[in-house]
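Encoded as structure tokens, the structure appears first; notes follow it.
Convention: sequence-line order gives letters A, B, ...; per-chain numbering from 1.
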There are 2 protein chains.
Amino acid sequence: MADDLRHQLMTLPPSDPAVDRLVEEIIGRVADKWTMLLIEVLTEQEVCRFSELARACEGISQKMLTQTLRAMERDGLVTRTVYPVVPPKVEYRLTDLGLGLAKAFCGVWLWAEANREAIEAARAAYAAAQEEA
Amino acid sequence: MADDLRHQLMTLPPSDPAVDRLVEEIIGRVADKWTMLLIEVLTEQEVCRFSELARACEGISQKMLTQTLRAMERDGLVTRTVYPVVPPKVEYRLTDLGLGLAKAFCGVWLWAEANREAIEAARAAYAAAQEEA
DNA sequence: CAGAATCCCGTTGGATACTG
DNA sequence: CAGTATCCAACGGGATTCTG
């Protein structure tokens, strides 16, 4: 099974070194805690206001919220719509690009969920092996 | 299309708040630059020595290499085999768990590769919109 | 309400030197 | 070769305050 998987994986990426660097940069940019959380929230609720995101994310500072949203906007993952009213109202929603990323990350999410116990078991085993030495 | 995708995504995760936290922690642990790179390298070449990984990763310090490999070992993603010879020889290889993660991450990798130009275009557009204001 | 600005601290992570 | 240990700079990111 492992060999099948390996072969399947190896045949997929064309592996262009120049492209790789950019891809790595994009992944580094996109694969952080808050970006993932925001994508999840915006997948569950299509359109969100700033304060809704702040509440849904629980634990995020508004500095990081603003910062992360700006970066996502910059990368074309979300759209930001400002309504010129008082008090201000700003709506965020995923673009198709962002939705595509959500779908791609879904695999990782499911993997983490499916293998959570296996990881915890591995950690316990590792810890046990350590203190015996 | 966007709605199809959204519906597909929403129906997938059971969304247990307690489990979610652990999953987030796992993703935070696992979704960093070096872990992803090492997984890629170990997918392409099944078994690697420490120095091979150091060369393949290009840019990683041996501190981060050691640290990342230990964390991956702890989480059961790689096995570490020490051969009691001089000079020392240590081999690393992905476990089935690690291979599964590789597969899951593959989707993100492909997405980044496929949408690289779209992201660069979005960045250019954002920059243009900025300096006009 | 949605942010911008400032201050500040902890952690990350690189460079270097040493060891079995 | 495959690390460990130490030092130090940079950055991430939280708390707080202020504004349109």
Name every residue in residues 67-88 of chain B that has at least one heavy atom under 4.0 Å from any atom of DNA chain C, in order of residue number, or write none if there are no such residues. B/Pro88
Less than 4.5 Å apart, any side-chain heavy atom of B/Tyr83 and any of B/Arg49? no
Any heavy-atom pair between the side chains of B/Arg29 and B/Thr35 that's under 4.5 Å? yes
In whole angstrom, what separates B/Lys89's NZ from D/dG3's P? 14 Å
When A/Lys63 and A/Glu91 are each assigned the nearest nucleotide of DNA chain C, the 5'-most assignment goes to A/Glu91
Starting at CG of A/Asp32 and ending at P of D/dG12, how long is that distance when rounded to a whole Å? 11 Å
Between D/dG14, C/dA2, C/dG14, which nucleotide has the shortest distance from any of its atoms to the side chain of A/Trp34? D/dG14
Whole angstrom value for the distance that separates P of D/dA5 from CD of B/Gln62: 13 Å
Rounded to whole Å, please give me the gap between CE in A/Met64 and C1' in C/dA2. 17 Å
Describe, in one word, how the ring planes of A/Tyr92 and A/Phe50 are oriented to each other, choosing from parallel (under 30°), tilted (30 to 60°) and perpendicular (over 60°). tilted
Taking the side chain as every heavy atom from C-beta outward, state whether A/Ile39 and A/Met72 have any atom pair closer than 4.5 Å. yes
Spacing between A/Phe50 atom CZ and C/dA2 atom P, to the nearest angstrom: 7 Å
Send over the distance from B/Ile60 CD1 to D/dG3 P, rounded to a whole Å. 12 Å
Atom OH of A/Tyr92 to atom P of C/dA2: distance rounded to whole Å? 8 Å
State, with a plain yes or no, whether a side-chain heavy atom of B/Val78 is found less than 4.5 Å away from one of B/Leu38. no
Under a 4.5 Å cut-off applied to non-hydrogen side-chain atoms, are B/Asp75 and A/Arg123 in contact? yes
According to a strict under-4.0 Å criterion, is A/Ser51 in side-chain N/O contact with OP1 or OP2 of C/dC1? no
Length of the line joining B/Leu65:CG and C/dG14:P, which is rounded to integer Å: 11 Å
Is there a side-chain contact between B/Val23 and A/Trp109 in this structure, where contact means two heavy atoms from C-beta onward sitting under 4.5 Å apart? yes
Please confirm whether the shortest side-chain N or O distance from A/Arg49 to OP1 or OP2 of C/dC1 is below 4.0 Å. no
